[in-house]
2 protein chains.
Amino acid sequence: MSYTYKYPKPSVTVDCVVFGLDDAQKLKVLLIQRGIAPYQNKWALPGGFIGLDESIATAAARELKEETGIDKVFLEQLYTFGEVDRDPRDRIITVAYYALINIGEYVVKARTDAKNAKWFSVEELPPLAFDHDRIFSVAKERLKGKLRYQPIGFELLPSKFTLTQLQRLYETVLEQKLDKRNFRSKILKMKLLVDLEEMQAGVSHRPAKLYQFDKKRYQELEQKEFNFEI
Amino acid sequence: MSYTYKYPKPSVTVDCVVFGLDDAQKLKVLLIQRGIAPYQNKWALPGGFIGLDESIATAAARELKEETGIDKVFLEQLYTFGEVDRDPRDRIITVAYYALINIGEYVVKARTDAKNAKWFSVEELPPLAFDHDRIFSVAKERLKGKLRYQPIGFELLPSKFTLTQLQRLYETVLEQKLDKRNFRSKILKMKLLVDLEEMQAGVSHRPAKLYQFDKKRYQELEQKEFNFEI
DNA sequence: ATTTCTTAGTGTATTTTTTACACTTTATAG
DNA sequence: CTATAAAGTGTAAAAAATACACTAAGAAAT
């Protein structure tokens with residue numbers, strides 16, 4: 001490795017693809033409207049520059065908080081985008097992250113130099129600034145792939161949820177119908193759900209049982225290379 | 001996103017974890033010995049700075065070629081490492097790649113500022129410079145994970161190989177014994193191997209048939225979300 | 001109070017996939 | 001021509017995945 005420090009440096013940013021589920025179990029992405037050029041007024045992924053005194057993951061969490069008010073969520077590195085012409089002004093390398101949040105817990109707010117922050121359905125995104133379309137589509141594929149073999153879907157739901165909500169979530173993200181009985185027996189056989197012995201309230205039909213994800217048990221099983229495939 | 005260009009910039013490097021298989025089907029990694037401080041004389045992953053006029057992937061391929069002579073191989077992004085204290089001198093962000101090569105095809109040579117380049121068995125690595133131990137272990141896990149559901153193992157073998165060689169490769173990387181008959185029927189059922197109707201030569205026992213990976217067919221099947229699980 | 005509406009909840013038989021397992025064949029070397 | 005070493009091959013049993021339809025429970029409307 002050649003460490004001579006004479007090289008001009010690229011700028012490095014982090015961008016976050018924030019996924020959420022709305023009331024109708026539709027998959028949404030949080031975008032911010034750019035307040036400044038280039039791509040002024042265009043929608044973009046929240047993100048910003050990495051400080052020299054913070055790790056990339058810290059920067060991603062900080063930017064997310066600054067630009068949208070979202071804090072303490074599932075946030076995982078996605079991919080690093082480094083084509084030469086990604087930004088019209090300067091060479092920019094972007095480390096992309098994706099976040100999964102329970103929409104209900106947050107009221108998102110535009111802050112710093114974002115004019116506006118808004119949830120968009122993944123099926124009808126506006127044209128995005130820079131190469132954010134591409135970053136988004138990599139994130140969507142990653143979410144889909146990961147959901148199949150790791151129980152990360154819970155991050156998108158409120159902490160108490162019904163099995164039907166969970167099934168809808170899988171159906172939405174995987175873009176396929178699932179059989180109710182098979183889904184239930186499979187998910188319950190994993191022993192990752194705690195039956196709260198509590199009922200859904202405020203529905204005008206038979207209420208469903210509420211469950212909670214058992215994170216502790218998940219971490220134990222994870223050690224043992226347990227299989228979480230759906 | 002805050003594009004004001006007043007931020008000090010980190011340096012950005014690429015490092016490559018180069019995997020190969022030796023004659024005894026042992027998994028090896030290519031390391032270079034550092035010619036300069038810090039970590040002078042220590043073994044490290046080949047890599048170097050990203051130029052402003054090249055993409056990250058291009059930089060990875062270029063550094064690999066410069067430092068080891070290896071060219072035109074399977075090279076895929078692994079992960080980006082951005083802790084603050086990774087390098088004692090400066091803030092460095094490293095985009096790591098991993099490469100799979102057929103050792104027989106190359107005679108590796110140390111070049112530029114590397115003193116030496118050498119293959120090490122993954123089970124007995126020397127202590128590495130910087131956080132390269134960590135990068136290596138992420139790469140090893142990735143290779144293991146990916147081999148299970150994508151036919152990338154062929155990249156480590158010569159273009160003509162026997163089923164036993166292929167099985168040993170899987171056993172080595174996955175760190176588990178596989179059943180000969182089950183492995184063969186599974187792999188052949190995928191129809192990704194071309195029977196060359198040619199025999200292994202130079203062995204003092206019954207020679208095995210030689211096969212070749214059918215890349216074209218793989219790309220066709222990939223479109224159709226075909227399942228390549230072992 | 002009864003009916004209607006809507007979603008929750010449940011079991012089994014069939015098919016498919018995975019696993020476990022051992023002997024014969026074919027070449028080279030001595 | 002015998003010994004050695006790895007190649008090559010099929011089947012039965014177990015496990016997992018799939019397909020499938022009715023009853024139960026509550027709220028709302030009459």
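Sequence lines set the chain letters: A, B, ... in the order given, protein chains first and strands last, and positions in each chain run from 1.
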Quiz item: Does the ring center of Phe161(A) lie less than 6.0 Å from the ring center of Tyr211(A)?
Solution: no
Quiz item: Under a 4.0 Å heavy-atom cut-off, which of residues 177-191 of chain A touch DNA chain D?
Solution: Asp179(A), Arg181(A), Asn182(A)
Quiz item: Quick one: Arg168(A) CZ to dA8(C) C1', roughly how many Å, whole number?
Solution: 11 Å
Self-check item: Nucleotides bounding contact with chain B, strand DNA chain D, heavy-atom threshold 4.0 Å
Solution: dA5(D) to dG10(D)
Practice problem: Verify the neighbour count for atom CG of Asp195(B): are there more than 12 heavy atoms of other residues, nucleotides or ligands below 6.0 Å? | Solution: yes
Quiz item: What residue among Lys216(A), Glu222(A), Glu220(A) forms side chain to side chain donor-acceptor pair (under 3.5 Å) with Tyr218(A)?
Solution: Glu222(A)
Self-check item: Enclosure of Arg184(A) CZ (heavy-atom neighbours >12, cutoff 6.0 Å)
Solution: yes
Self-check item: Leu193(B) and Phe154(B), any side-chain heavy atoms less than 4.5 Å apart
Solution: yes
Quiz prompt | Under 3.5 Å side-chain donor-acceptor pair for Gln167(A) and Glu171(A) | solution = yes
Quiz prompt | Close approaches to DNA chain C from residues 196-210 of chain A, in residue order (heavy atom, under 4.0 Å) | solution = His205(A), Arg206(A), Pro207(A), Ala208(A), Lys209(A)
Quiz item: Is Lys144(B) atom NZ crowded by more than 12 heavy atoms from other residues, nucleotides or ligands, each under 6.0 Å away?
Solution: yes
Practice problem: Starting at CG of Asp15(B), measure out to CG of Leu78(B) and round the result to the nearest 0.5 Å. | Solution: 10.5 Å
Self-check item: Sidechain-backbone polar pair: Thr68(A) side chain, Ile70(A) backbone, donor-acceptor under 3.5 Å
Solution: yes
Practice problem: Fit a plane to each ring of Phe81(A) and Tyr79(A), take the angle between them on a 0 to 90° scale, and name the class: parallel (under 30°), tilted (30 to 60°) or perpendicular (over 60°). | Solution: perpendicular
